[in-house]
Novice: 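Encoded as structure tokens, here's the structure I'll be asking about.
Chain letters run A, B, ... following the sequence lines, proteins first and then strands; every chain starts at 1.
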Protein chains: 2
Amino acid sequence: MANGSANCLFCNNKSVCFNELTDDELKQIEDNKVEILYKKDETIIKQGSFASNIYFIKKGLVKIYIENSDRNLILEIAGKSKMLGLTSLNHTKHYKFSVTALEDIVLCQINVEVINKIMITNQFFNTQVIKSLNSTIEKILDKLHCISHKQLNGRLADALICFSDEIYQNNKFTLNVTRKDLASITNMATENVVRLLKEFNDKKIIKVSGKNIEIINYSALKELSK
Amino acid sequence: MANGSANCLFCNNKSVCFNELTDDELKQIEDNKVEILYKKDETIIKQGSFASNIYFIKKGLVKIYIENSDRNLILEIAGKSKMLGLTSLNHTKHYKFSVTALEDIVLCQINVEVINKIMITNQFFNTQVIKSLNSTIEKILDKLHCISHKQLNGRLADALICFSDEIYQNNKFTLNVTRKDLASITNMATENVVRLLKEFNDKKIIKVSGKNIEIINYSALKELSK
DNA sequence: TAATTTTGCTGATATACATCAATGTTAATA
DNA sequence: TATTAACATTGATGTATATCAGCAAAATTA
């Protein structure tokens, strides 16, 4: 929970965003950031609260989700190098989503004013921030497309592909999320996640054993995704 | 179709974005923009094409939608002062959506390089662009929430509230869209739009007569929206 | 003006999916 | 280690919503 002795200048977890900052700019960030450890299941960002900080994940996975009285919708499972809370760049805004830790997390919380300042002085950084915003838009558009146009098996296939290609970058992985979370990712009932995982397993598309999943027939998944 | 004699300096359709530009900056835009007229049903942006321009709507309504082989999803009905195509700010990107005219449109097409240049020289403008990106994110998140959590009547209620509050800014309006479009907005079958409009009409929540709609019981709609 | 296409409307039917209920299994806590 | 709670699983049932079919009305085109 302590402000990092961790020095921004020599930080080897820097996102592309920070790559081209001058030493002076990095110093500014260092003076206005804290490094924080979150334990599994702790809330990092709470939906509805004032958006006044930028977060940068150094280690571990989080889930970003829209809260709802009955049922949540997970927008993204994100990990190392993810910037969170860019909503804060424009003041007087509230977070539209919550973020909680799926495992132990190390992140840097950076004061939004410094980010705003450096966006003025450093054109490259400014571009990177806009890129990040655009990529967020792209991601949630994909999500929207997936949920509005595809049916259950396609949506689950999409989720599995995402885990394999992006989150774990391995066709064999151990889930950090529950079946209920999988249901929140794909916007279906938990029971259907279970049933479909079994069906995929029986069809030898994937191999499921508890939280361990191995993708056997990738192209079949891609086909289901359509 | 001609480059406007329309002078940016004296344009009275300027969006907030352009409000604080210097005369010189406005001149730069003027030299790198064309004013274009689109007729009803013409395509302004085609999904999948290279994103290389910024558009600014001066007059008329457009629909922004995700194309899909079987069924489209309308993200937004937008009008005067809307900036389109900010995806272009980062190069080598394709549009993730299409835009077509719902009526005769006047818009300015601005070269993305000038926009990028002015974002460097003018901090206020830069902030406005980021605000615009953030507001896009917020809108899509709302849509995602609506489609994933609400059922048919709630989704249609949402759409009607949006028409009344934002698009037409009047509780009595004449739709520029077909029932099929309404179905694409709410992600339901066209038949259900018809049935629900009739039901709302019978319950004296709204008064429907063809494309003319009047909202009678606004609070009932708000209730349905939950 | 007639002919054709698109849009709007209505009821009947089908189905994808959620919900419910019941039970096993693992993980957290005392 | 016992106790509780959260998670996972399976089958049976219900329902919201899509699909289909058929026709009327408007709008476009010939």
Novice: Between B:K203 and B:E199 (salt bridge meaning N to carboxylate O under 4.0 Å), is one present in this structure?
Specialist: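 Salt bridge present between B:K203 and B:E199.
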
Novice: Find the distance A:L175:CG to C:dT26:P and express it as a whole number of Å.
Specialist: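 A:L175 atom CG is separated from C:dT26 atom P by 16 Å.
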
Novice: May I have the distance from A:N212 (atom CG) to C:dT26 (atom C1'), rounded to whole angstrom?
Specialist: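 It works out to 14 Å between those atoms.
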
Novice: In whole Å, what is the span from the CG atom of B:N201 to the C1' atom of C:dG8?
Specialist: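 Computing the B:N201:CG to C:dG8:C1' distance gives 14 Å.
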
Novice: Measure CG/A:L196 against C1'/D:dA8 and give the value in whole Å, please.
Specialist: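 Atom CG in A:L196 sits about 15 Å away from atom C1' in D:dA8.
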
Novice: When the distance from CZ of A:R179 to P of C:dA27 is rounded to whole Å, what number comes out?
Specialist: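 In whole Å, C:dA27 P lies 12 Å from A:R179 CZ.
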
Novice: Suppose the criterion is salt bridge (charged side-chain N to carboxylate O under 4.0 Å, His left out): which pairs have a residue in residues 73-83 of chain A, not counting sequence neighbours?
Specialist: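 Residue pairs passing salt bridge (charged side-chain N to carboxylate O under 4.0 Å, His left out), neighbours aside: A:E76-A:K82, A:E76-A:K139.
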
Novice: Under 4.0 Å from OP1 or OP2 of D:dA8: is there any side-chain N or O of A:K211 that close?
Specialist: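 Affirmative; the distance criterion is met.
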
Novice: So which pairs with a foot in residues 144-158 of chain A pass side-chain hydrogen bond (donor to acceptor under 3.5 Å, both in side chains), sequence neighbours left out?
Specialist: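 Only A:H145-B:N68, A:K150-A:D158, A:K150-A:S225, A:D158-A:S225 qualify under side-chain hydrogen bond (donor to acceptor under 3.5 Å, both in side chains).
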
Novice: In whole Å, I'd like the distance from the CG atom of B:L182 to the P atom of C:dG8.
Specialist: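 B:L182 atom CG is separated from C:dG8 atom P by 8 Å.
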
Novice: Who are the ring pair (Phe, Tyr, Trp, His ring centres under 6.0 Å) partners of A:Y65, not counting sequence neighbours?
Specialist: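 Testing A:Y65 for ring pair (Phe, Tyr, Trp, His ring centres under 6.0 Å), a comparison that skips the adjacent residues, returns none.
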
Novice: Across nucleotides 15-25 of chain C, 5' to 3', mark each nucleotide with B, S or - according to how protein heavy atoms within less than 4.0 Å reach it.
Specialist: --SBBB-----

Novice: Does anything in residues 205-221 of chain B form a salt bridge (charged side-chain N to carboxylate O under 4.0 Å, His left out)? List the pairs, not counting sequence neighbours.
Specialist: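 Salt bridge (charged side-chain N to carboxylate O under 4.0 Å, His left out) check on residues 205-221 of chain B returns no pairs.
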
Novice: Using whole Å, report how far NZ of B:K40 lies from P of C:dT6.
Specialist: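 Between P of C:dT6 and NZ of B:K40: 13 Å.
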
Novice: To the nearest angstrom, how far is B:K180 atom NZ from C:dC9 atom P?
Specialist: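 It is 16 Å, rounded to the nearest whole Å.
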
Novice: My understanding is that only residues two or more places apart in sequence, or in another chain, count here; which of them pass ring pair (Phe, Tyr, Trp, His ring centres under 6.0 Å) with A:F56?
Specialist: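 Scan of A:F56 (ring pair (Phe, Tyr, Trp, His ring centres under 6.0 Å), adjacent residues dropped) gives A:F18.
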
